[in-house]
There are 2 protein chains.
Amino acid sequence: MLSQKSKYALRALLLLARQPPGEMVLVGEIAEQQNVPHKFLELILLELRKQGILFSQRGRNGGYTLARPKEAITFGEVIRIMDGPLAPLPCASVAGYRRCVDCQDERTCEIRQVMCSVRNAVADVLDNTSLADAIANGLSRERTALAS
Amino acid sequence: MLSQKSKYALRALLLLARQPPGEMVLVGEIAEQQNVPHKFLELILLELRKQGILFSQRGRNGGYTLARPKEAITFGEVIRIMDGPLAPLPCASVAGYRRCVDCQDERTCEIRQVMCSVRNAVADVLDNTSLADAIANGLSRERTALAS
DNA sequence: TGCTTTCCCTATAAAGATAATAGGATTATA
DNA sequence: TATAATCCTATTATCTTTATAGGGAAAGCA
Ligand code: FES
Ligand code: FES
């Protein structure tokens, strides 16, 4: 389940992606336009900046802007920052792998095998969808073909 | 994220799927073999029975057994019973659709469009993987082909 | 230099979901 | 009738998510 935090983050990023490149936008403006609690959004944007998704400037004429072109920021990257690994189970995660303490043998665990498939399917969508793709009304051509 | 409840449910079902058809197994046996809290597992199996996945018998010689052939029980069905809709957002769910109160226009919402793709990708894996598929070492042939 | 605006940072509270426990009621069998 | 099992409801404990609060630090401007 996508957290509210991820949803807010994506909404903010999509708004920024629709601005002319380099244009600074205030937290307050984003919060108001997207109906997100101001202080909560601050935390979110701060984290995105620390992870290299956003660039910020303080003081007058300050604000936030994308640190990279909107084609180079994927949903997968954003959601991983906000919510952690995409995989439904830690043992099925590539980036955030953690052993299952209560499973007897990981190599033969059927649940893990299925969840690895799920994680791959999810990552295939989210890592191949950039902010630009989503704004250009969605789904890049390859994936649309695959889904049908 | 898959809940512990779903994981326990799947472990129990896979154990039952490995028995000779019709063989009754006690909650206690499952709990012990799979290292699941007994009373917690009771709740889980009870719910699976109510949803038509399991058949049970009380009293001496009682226990649980699959209510259907293991080929006819999918991961998707089980996880929906335990955790609810597969979609990462209510607005992207087919079975459990709920409107997004804080999104301005659902039809143009880019987040929703992407999450619909995710939900389809996930459902495609989970609704096409039965207990039997998983035990037969995984992934049915069609999906393996698709994933590559 | 001081004033204002803005992001930056840490801590904590409020609410909700998940995980687990408890205790007994009911049913089937021997 | 005794026993062994599922069935059912309620409650607690723990963790996660969501949000709020209050000030600190930098950038710009007069
Ligand atoms: S090894 Fe992770 S679910 Fe079995
Ligand atoms: S409509 Fe559900 S996320 Fe926008």
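Below, chain A is the first sequence line, B the second, and so on; all start at residue 1.
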- side-chain contact (heavy atoms from CB on, under 4.5 Å) with B:Cys116: which residues, sequence neighbours excluded? B:Ala92, B:Arg112
- Contacts satisfying side-chain hydrogen bond (donor to acceptor under 3.5 Å, both in side chains) that involve residues 40-56 of chain B (not counting sequence neighbours) are none
- Query: Can you name the residues that form a side-chain hydrogen bond (donor to acceptor under 3.5 Å, both in side chains) with A:Lys5, not counting sequence neighbours?
  - Reply: none
- Message: Using a 4.5 Å cut-off between side-chain heavy atoms of Ile, Leu, Val, Met, Phe, Trp and Tyr, which other residues end up in the same hydrophobic cluster as A:Val101?
- Response: none
- Pairs touching residues 62-73 of chain A that satisfy side-chain hydrogen bond (donor to acceptor under 3.5 Å, both in side chains), sequence neighbours left out: A:Arg68-A:Glu77
- Message: Of all nucleotides in DNA chain D that come within under 4.0 Å of a heavy atom of chain B, which is furthest toward the 5' end and which toward the 3' end?
- Response: D:dT3 to D:dT9
- When you measure from every atom of DNA chain D, which of residues 53-70 of chain A have a heavy atom less than 4.0 Å away? A:Gln57, A:Arg58, A:Gly59, A:Arg60, A:Asn61
- Shortest non-hydrogen contact between B:Ala67 and B:Gly52, atoms and distance: CB-O, 3.6 Å
- Which residues share a ring-ring contact (aromatic ring centres under 6.0 Å, His included) with A:Tyr8, sequence neighbours left out: A:Phe40
- Query: What does nucleotides 16-24 of chain C look like as a protein-contact string, B for base, S for sugar-phosphate only, - for none, at under 4.0 angstrom between heavy atoms?
  - Reply: ---SBBBBB
- Classify the nucleic acid contact of A:Lys50 as base, sugar-phosphate or nothing, counting any heavy atom under 4.0 Å across all strands shown. sugar-phosphate
Could you list the donor-acceptor pairs under 3.5 angstrom formed between side-chain atoms of residues 14-32 of chain A and any protein atom two or more places apart in sequence or on another chain?
| unit_1 | atom_1 | unit_2 | atom_2 | d |
| --- | --- | --- | --- | --- |
| A:Arg18 | NH1 | B:Glu110 | OE2 | 3.0 |
| A:Gln19 | NE2 | A:Leu15 | O | 3.1 |

Could you pull out every donor-acceptor pair under 3.5 Å between side chains of residues 82-91 of chain A and any protein atom, sequence neighbours left out?
| unit_1 | atom_1 | unit_2 | atom_2 | d |
| --- | --- | --- | --- | --- |
| A:Asp83 | OD1 | A:Ser3 | OG | 2.5 |
| A:Asp83 | OD1 | A:Ser6 | OG | 3.1 |
| A:Asp83 | OD2 | A:Ser3 | N | 3.1 |
| A:Asp83 | OD2 | A:Ser3 | OG | 3.3 |
| A:Asp83 | OD2 | A:Ser6 | OG | 3.0 |

- Got a sec, which residues hit side-chain hydrogen bond (donor to acceptor under 3.5 Å, both in side chains) with B:Arg80, two or more places apart in sequence or on another chain? B:Asp127
